Amino acid sequence: MTRKYIDCREFPSDMNCTVALSADSDQELLDAAVQHAVAVHHHEDTPELRQQIKQMFKEGTPPIERPLAHA
């Protein structure tokens with residue numbers, strides 16, 4: 001099983017969020033990322049949001065240094 005992560009630092013936001021989440025299972029990572037998106041970024045928990053978040057998963061662990069934000 002490969003560890004996966006999602007890193008808010010890759011996406012521009014007004015709050016300059018620095019949270020990165022990682023987990024050993026897709027479902028665990030998805031649940032944590034959705035909770036973060038809803039609680040911190042005020043997104044609505046929808047099937048579309050969950051699908052978008054799943055597409056942002058990367059294999060491995062988050063880098064220590066801030067990744068470059070998408071333009």
Side-chain angles (χ1 to χ4, degrees):
M1 182 179 303
T2 302
R3 194 151 178 88
K4 293 189 179 176
Y5 74 94
I6 189 168
D7 194 336
C8 267
R9 299 174 299 176
E10 293 182 11
F11 308 98
S13 72
D14 292 338
M15 64 183 13
N16 292 318
C17 185
T18 63
V19 170
L21 303 167
S22 63
D24 290 334
S25 78
D26 284 2
Q27 190 60 52
E28 185 178 17
L29 181 55
L30 181 60
D31 291 343
V34 169
Q35 288 177 17
H36 173 73
V38 169
V40 176
H41 298 288
H42 310 292
H43 291 287
E44 186 177 341
D45 184 354
T46 64
E48 293 81 14
L49 175 68
R50 289 176 172 269
Q51 186 60 36
Q52 288 173 347
I53 288 174
K54 283 176 74 170
Q55 292 175 353
M56 296 178 208
F57 288 0
K58 295 185 178 178
E59 290 191 4
T61 57
I64 293 172
E65 297 296 321
R66 177 184 288 270
L68 298 175
H70 292 140

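Computed from a predicted structure; not experimentally measured. Position 1 is the first residue of the sequence; numbering continues from there.
The NE2 atom of H43 lies 13.5 Å from the CD atom of E48; values are rounded to the nearest 0.5 Å. Going from atom OG1 of T46 over to atom CD of Q52 covers 7.0 Å, rounded to the nearest 0.5 Å.
Residues V40 and L30 do not share a hydrophobic cluster, clusters being chains of Ile/Leu/Val/Met/Phe/Trp/Tyr side chains in contact below 4.5 Å. Residues V19 and F57 are members of one and the same hydrophobic cluster, defined by side-chain heavy-atom contacts under 4.5 angstrom among Ile, Leu, Val, Met, Phe, Trp and Tyr.
Within the 4.5 Å cutoff, the side chain of E44 has no heavy atoms near those of the L49 side chain. Contact annotation: the side chain of E10 approaches that of K58 to within less than 4.5 Å [non-hydrogen atoms, C-beta and beyond]. Taking the side chain as every heavy atom from C-beta outward, I6 and I53 approach each other to under 4.5 Å.
Among all heavy-atom pairs drawn from D7 and P63, the shortest one is OD2-CD, 3.9 Å.
Residues S22 and R3 have side chains that bring a donor and an acceptor to within less than 3.5 angstrom of each other. If you check the side chains of Q27 and D31, you find a donor sitting under 3.5 Å from an acceptor.
Annotation: side-chain contact (heavy atoms from CB on, under 4.5 Å) contacts of D45 (sequence neighbours excluded): V34, V38, R50. For H41, the ring pair (Phe, Tyr, Trp, His ring centres under 6.0 Å) test picks out H36, with sequence neighbours left out.
Using a cutoff of 4.0 Å between basic side-chain nitrogens and carboxylate oxygens, K4 and D26 are scored as salt-bridged.
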